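Beneath this line is the structure, given in structure tokens, with notes to follow.
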Amino acid sequence: ISVTQTEAVTVSVDTTLPAIDIKQPLNDSYIRTDISVNGIISDRNLLEYSVVNTGGAGAAAIDQGNQSRENYTFGILNELSEGRYSLNVRARDLGENIIERNIIFTIDTTPPKVILDAPKDGEYYGSALSAISYQPSANINITGSIIENNLETFSLRYGSGENPVQWTNLLTGNTIPTNPQLLAWKVGKNDGIPDGLYTLSLYAKDKAGAEAEVKLKVTIDNTAPEASITSLKDNDYVRASVDIKGTASDANLDKYTIEISEGNCSSAYKWAAVKTANNSVKDNLLAAWQTIPPDGDYCLRLTAIDKVG
């Protein structure tokens, strides 16, 4: 007698790793707000998954489960201290296929700090000497600093007027400048910068998207003041008080002075002021010369000085 025994076993073959696709936070991202951890953990034979966040204060479980998740919010990360974190996502299926993803992100809630030390707001520059700083001012020596641990980009730039609609970059970069002397901006007569008011800006943006900017205004003036006396001519004679007429004019006039000295103009040196004023005059009265000196030769001099000096 022959005896036969048959046994059938149904098995499932599963060599496919579970799928993990975390949409937020992204790996190597920088974040300044609360984080909604969301994405996909999926497998037809999922056994378990876990989501754990680890930072300077230790590890914290965010979520765990045993069913697939599609476009799912696993948890909210809020009030995290600034610093670097690792989000560990692990999934295992019934076939003992295990997958892990480590997502590195940085919390940065501090915006950049930008400082412009020089020039000072409201200064005047051109090819002459600065009336304010008494330094050669065909170059504007721009000094400043940026404080930021996670800088993405910065730019030192200028635009025309008080509220520029277009900027021209003088200096850009993605690392913190190590030298406080950022740039010597050439603004002389032959450097292609038209006379006028300009806004200078130092702008910085960090990798978390926070921005900072500091602005100041400077005036470029490479045009010399206009100075002329028209009511008196060389070798004229004066008998009594006379109005001195002419022009002392500049878009950025600081002052004009009318002076008199004994002797011919070629050798005159004992100057005495007749009048000093700070308003522009165009083909009009500059001064009323009331006190006439004793008979003799005299030199009358008009000097106009703008705010560049």
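No experiment lies behind these values; they were computed from the predicted model shown. If you read the sequence from its start, that first residue is 1, and numbering goes on from there.
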Value rounded to 0.5 Å, distance of [atom1] in [X] from [atom2] in [Y]:
X	Y	atom1	atom2	value
Ile260	Trp271	CD1	CH2	8.5 Å
Ile115	Leu202	CD1	CG	9.5 Å
Tyr85	Leu77	OH	CG	9.0 Å

I'd like to know if the side chain of [X] pairs up with that of [Y] as donor and acceptor (distance under 3.5 Å, no hydrogens or angles considered).
X	Y	value
Ser249	Glu226	no
Asn38	Thr73	no
Asn45	Asp93	no

Tabulate below the donor-acceptor pairs under 3.5 Å that side-chain atoms of residues 160-181 make, not counting sequence neighbours, or state none.
{"unit_1": "Asn179", "atom_1": "OD1", "unit_2": "Gln181", "atom_2": "N", "d": "2.9"}
{"unit_1": "Gln181", "atom_1": "NE2", "unit_2": "Leu183", "atom_2": "O", "d": "3.2"}

Using atom types as modelled, flag every donor-acceptor pair under 3.5 Å from a side chain in residues 17-36 to any protein atom, sequence neighbours excluded.
{"unit_1": "Asp21", "atom_1": "OD2", "unit_2": "Lys23", "atom_2": "NZ", "d": "2.7"}
{"unit_1": "Asn27", "atom_1": "OD1", "unit_2": "Ile104", "atom_2": "N", "d": "2.8"}
{"unit_1": "Ser29", "atom_1": "OG", "unit_2": "Leu26", "atom_2": "O", "d": "2.6"}
{"unit_1": "Arg32", "atom_1": "NE", "unit_2": "Ala208", "atom_2": "O", "d": "3.0"}
{"unit_1": "Asp34", "atom_1": "OD1", "unit_2": "Glu79", "atom_2": "N", "d": "3.4"}

Query - Residue pair Tyr298 / Gly296: nearest heavy atoms and the distance that separates them - result: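 That would be CD1-O, 3.2 Å.
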
Requested in this report: Give me the other members of the hydrophobic cluster that Leu94 sits in, counting Ile, Leu, Val, Met, Phe, Trp and Tyr linked by side-chain heavy atoms under 4.5 Å, directly or via other members.
Outcome: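 Joined to Leu94, directly or through intermediates: Leu47.
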
**Report entry** Whichever hydrophobic residues join Ile98 through chains of side-chain contacts under 4.5 Å
**Finding:**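 For Ile98, no cluster forms, as it stays isolated from other hydrophobic side chains.
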
Requested in this report: Might you work through the side chain to side chain contact (heavy atoms under 4.5 Å, CB included) test for Lys205 and Glu148, ending with a clear yes or no?
Outcome: CA-CA 9 Å; Lys205 180 180 179 181; Glu148 172 56 49; over 6 Å; no

Requested in this report: Evaluate the ring planes of Tyr158 and Tyr198, with Trp represented by its six-membered ring, and classify them as parallel (under 30°), tilted (30 to 60°) or perpendicular (over 60°).
Outcome: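 Perpendicular: the ring planes of Tyr158 and Tyr198 meet at over 60°.
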
Residues in salt bridge (Lys or Arg N to Asp or Glu O under 4.0 Å) contact with [X], at least two apart in sequence or another chain:
X	value
Glu211	none
Lys270	none
Glu259	Arg301
Arg44	none

Output a table of donor-acceptor pairs, distance under 3.5 Å, between side-chain atoms of residues 235-247 and any protein atom two or more places apart or on a different chain; print 'none' if there are none.
{"unit_1": "Asp236", "atom_1": "OD2", "unit_2": "Lys233", "atom_2": "N", "d": "2.8"}
{"unit_1": "Thr247", "atom_1": "OG1", "unit_2": "Asp283", "atom_2": "N", "d": "2.9"}
{"unit_1": "Thr247", "atom_1": "OG1", "unit_2": "Asp283", "atom_2": "OD1", "d": "3.1"}

**Report entry** Enclosure of Lys217 NZ (heavy-atom neighbours >12, cutoff 6.0 Å)
**Finding:**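 Yes, NZ of Lys217 has more than 12 neighbouring heavy atoms, counting only those of other groups under 6.0 Å.
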
Query raised in the report: Is any side-chain heavy atom of Phe105 less than 4.5 Å from a side-chain heavy atom of Leu87?
Result: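 The answer is yes; the side chains approach within 4.5 Å.
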
Query raised in the report: Linking I/L/V/M/F/W/Y whenever any side-chain heavy atoms sit under 4.5 Å apart, do Leu182 and Val218 land together?
Result: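 Hydrophobic grouping puts Leu182 with Val218.
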
Requested in this report: Would you mind telling me which of Thr106, Thr109, Asn150 makes a side chain to side chain donor-acceptor pair (under 3.5 Å) with Glu82?
Outcome: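 Of all the options given, the one that passes is Thr109.
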
Query raised in the report: Which residues pass the ring-ring contact (aromatic ring centres under 6.0 Å, His included) test with Phe154, sequence neighbours left out?
Result: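 Phe154: no ring-ring contact (aromatic ring centres under 6.0 Å, His included) contacts found.
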
Report task. Verify side chain to side chain contact (heavy atoms under 4.5 Å, CB included) between Leu300 and Ile258, making sure each step is shown before the conclusion. Result -> CA-CA 7 Å; Leu300 197 63; Ile258 294 181; 4.0 Å; yes

**Report entry** Contacts of Asn279 that satisfy side-chain contact (heavy atoms from CB on, under 4.5 Å) - sequence neighbours left out
**Finding:**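 side-chain contact (heavy atoms from CB on, under 4.5 Å) check on Asn279 returns Tyr256, Ala277, Val281.
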
For residues 49-61, tabulate all N or O donor-acceptor pairs below 3.5 Å that involve a side-chain atom, not counting sequence neighbours.
{"unit_1": "Tyr49", "atom_1": "OH", "unit_2": "Asp63", "atom_2": "OD2", "d": "2.9"}
{"unit_1": "Tyr49", "atom_1": "OH", "unit_2": "Arg69", "atom_2": "NE", "d": "3.0"}

Requested in this report: Apply side chain to side chain contact (heavy atoms under 4.5 Å, CB included) to the pair Leu156 and Ile142, showing each step before the final yes or no.
Outcome: CA-CA 9 Å; Leu156 178 65; Ile142 304 172; 4.0 Å; yes

